[in-house]
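Read through the structure below, which is laid out as structure tokens, and then see the notes.
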Protein chains: 2
Amino acid sequence: MKRSLADKIEQYLKVLIERSDDKQIEIQRSELAETFSCVPSQVTYVISTRFTEAEGYYTESRRGGKGFVRIRRYHLENGGASRKELVAFIDELLQDDALTTSQSDLLKHLISYSFKDIPPEYRRRLYKQFRKVVLDYVNLD
Amino acid sequence: MKRSLADKIEQYLKVLIERSDDKQIEIQRSELAETFSCVPSQVTYVISTRFTEAEGYYTESRRGGKGFVRIRRYHLENGGASRKELVAFIDELLQDDALTTSQSDLLKHLISYSFKDIPPEYRRRLYKQFRKVVLDYVNLD
DNA sequence: CTTTTCTTTGACTATTGTTGACTATCTATT
DNA sequence: AATAGATAGTCAACAATAGTCAAAGAAAAG
């Protein structure tokens with residue numbers, strides 16, 4: 001299998017991301033270009049073609065002295081993440097006395113009104129994440 | 001993560017502010033410049049780019065003998081677009097007995113861990129929205 | 001072989017950070 | 001009140017990054 005330079009850079013970055021604690025890395029564009037003996041814009045090319053949101057990554061950057069490019073991987077989840085399910089889950093926790101009424105009320109309020117102007121795919125992710133974080137919270141003791 | 005001098009000064013000041021009783025500090029520009037071995041105008045640069053009103057800070061200063069720069073953190077009416085500010089806001093509500101400890105703990109947990117995988121522009125929106133929704137919730141009675 | 005798509009490169013642009021010379025304002029002293 | 005000294009602010013030049021875009025080259029598809 002013949003791999004292009006772009007492929008190699010992509011691989012390199014993905015390994016770094018997977019090995020990181022928080023699935024996130026920060027690189028310096030010109031430094032990476034140096035490592036692969038290519039022009040800096042090649043790095044930009046790789047990042048913009050292979051680390052797109054559709055592929056489960058998002059990036060941030062800063063120019064100027066000590067500038068950087070940060071790449072973060074998130075998990076694309078397709079499992080049932082809806083408001084309804086999340087509310088039902090919270091009710092379960094309430095039944096189990098894992099949450100108080102005042103907590104579950106607040107939670108439901110948040111769930112119902114906080115995600116209004118967030119695009120659906122992110123909203124699903126938030127429902128999912130909320131579930132995970134709440135569960136994590138009640139298991140803290 | 002490599003941090004620029006400006007980043008370090010910003011961090012330093014923010015720690016001082018958060019540790020202060022009244023979320024407010026007074027510094028001497030040239031003294032701080034001395035601490036970081038840089039020119040005084042670097043301090044001005046940091047303050048004007050990272051302690052803006054948009055970011056939730058007010059600054060005042062006085063020239064001449066015993067001059068100073070005062071930086072004060074406040075809470076944005078429709079801002080609060082950062083985790084830190086939102087957590088501070090929750091703490092305020094706790095102080096005012098608008099929220100119970102169990103509620104604020106849960107909230108802070110949610111705020112800290114739920115938005116990790118959301119792109120920054122939506123994350124900011126979520127922080128703002130969260131603030132609004134929590135405020136709305138405590139005003140329900 | 002031709003066309004299309006992907007890769008590589010480099011010139012130019014945009015943004016952020018650092019420095020220093022010059023200016024403005026305040027306090028203390030005369 | 002005038003003046004000197006001590007601060008802080010402004011601004012423009014320069015440095016250090018990253019981004020854009022289009023052209024040229026390479027690889028894949030037809």
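Protein chains get the first letters and strands the later ones, always in sequence-line order, with residue 1 at the start of each. This structure is a prediction, so every number in the text was calculated from the model and none was measured.
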### Query
Do the side-chain N or O atoms of A:Ser30 get closer than 4.0 angstrom to the phosphate oxygens (OP1, OP2) of D:dA16?
no
### Under-4.0 Å salt bridge between A:Lys128 and B:Asp117
no
### Message
Whether A:Arg50 contacts C:dT7 is assessed here as follows: a side-chain N or O lying under 4.0 Å from the phosphate OP1 or OP2. Is that the case?
### Response
yes
### Query
How many Å lie between NZ on A:Lys66 and C1' on C:dT18, as a whole number?
10 Å
### Message
Of the listed nucleotides (C:dT8, C:dT19, D:dA18), which one gets closest to any side-chain atom of A:Arg63?
### Response
D:dA18
### Query
So does A:Thr44 reach the base of D:dG19 with its side chain, donor to acceptor, closer than 3.5 Å?
no
### Query
Ion pair present between B:Arg73 and B:Glu18, side-chain N to carboxylate O less than 4.0 angstrom?
yes
### Query
CZ of A:Arg70 versus P of D:dT17: gap in Å, rounded?
16 Å
### Query
Are the side chain of B:Thr52 and the backbone N or O of B:Glu55 linked by a donor-acceptor pair below 3.5 Å?
yes
#### Entry: Side-chain donor-acceptor pair present, A:Ser4, A:Asp7, cut-off under 3.5 Å
yes
### Query
Whole Å only: how far is the CD atom of A:Glu10 from the C1' atom of C:dT7?
13 Å
#### Entry: Nearest-angstrom distance from the residue atom CD of B:Gln42 to C1' of D:dC14
14 Å
### Proximal nucleotide (of C:dT9, D:dG19, D:dA8) relative to the A:Cys38 side chain
C:dT9
### Message
Rounding to an integer number of Å, can you tell me how far B:Arg3 CZ sits from C:dT18 P?
### Response
12 Å
### Task
When you get a sec, tell me which of C:dT27, D:dT17, C:dT19 is the closest nucleotide to the side chain of B:Arg62?
C:dT27
### Query
To the side chain of B:Asp7, which of C:dT7, C:dG17, D:dT7 is closest?
C:dG17
### Query
NA contact type, B:Gly64, heavy-atom cut-off 4.0 Å: base, sugar-phosphate, or nothing?
base
### Task
Would you kindly compare B:Ser41 and B:Tyr45 by the position of their nearest DNA chain C nucleotide and give the one closer to the 5′ end?
B:Tyr45
### Query
Counting distance only, does the side-chain N/O of B:Tyr74 pair as donor-acceptor with the main-chain N or O of B:Glu53 below 3.5 Å?
yes
### Task
Give the rounded distance in Å between these two atoms: CD of B:Glu31 and P of D:dA6.
15 Å
### Task
Indicate, with a heavy-atom threshold strictly under 4.0 Å, whether B:Gly67 touches base, sugar-phosphate, or nothing.
sugar-phosphate
#### Entry: N or O in side chain of A:Thr49 less than 4.0 angstrom from C:dC6 OP1/OP2
no
### Message
Given D:dG9, C:dT8, C:dG17, identify the nucleotide with an atom nearest to the side chain of B:Ser4.
### Response
C:dG17
### Task
Validate the cation-pi geometry between B:Lys14 and B:Phe51: distance from NZ or CZ to the six-membered ring centre under 6.0 Å, angle to the ring axis within 45°.
yes
### Message
Between C1' on D:dG9 and CD on B:Glu60, what's the gap in Å once rounded to a whole number?
### Response
16 Å
#### Entry: Gap between atoms CG and P, on A:Leu32 and C:dT8 respectively (whole Å)
13 Å
### Message
Should the side chain of A:Arg29 and the base of D:dG19 be counted as holding a donor-acceptor pair, with the cut-off at 3.5 Å?
### Response
yes
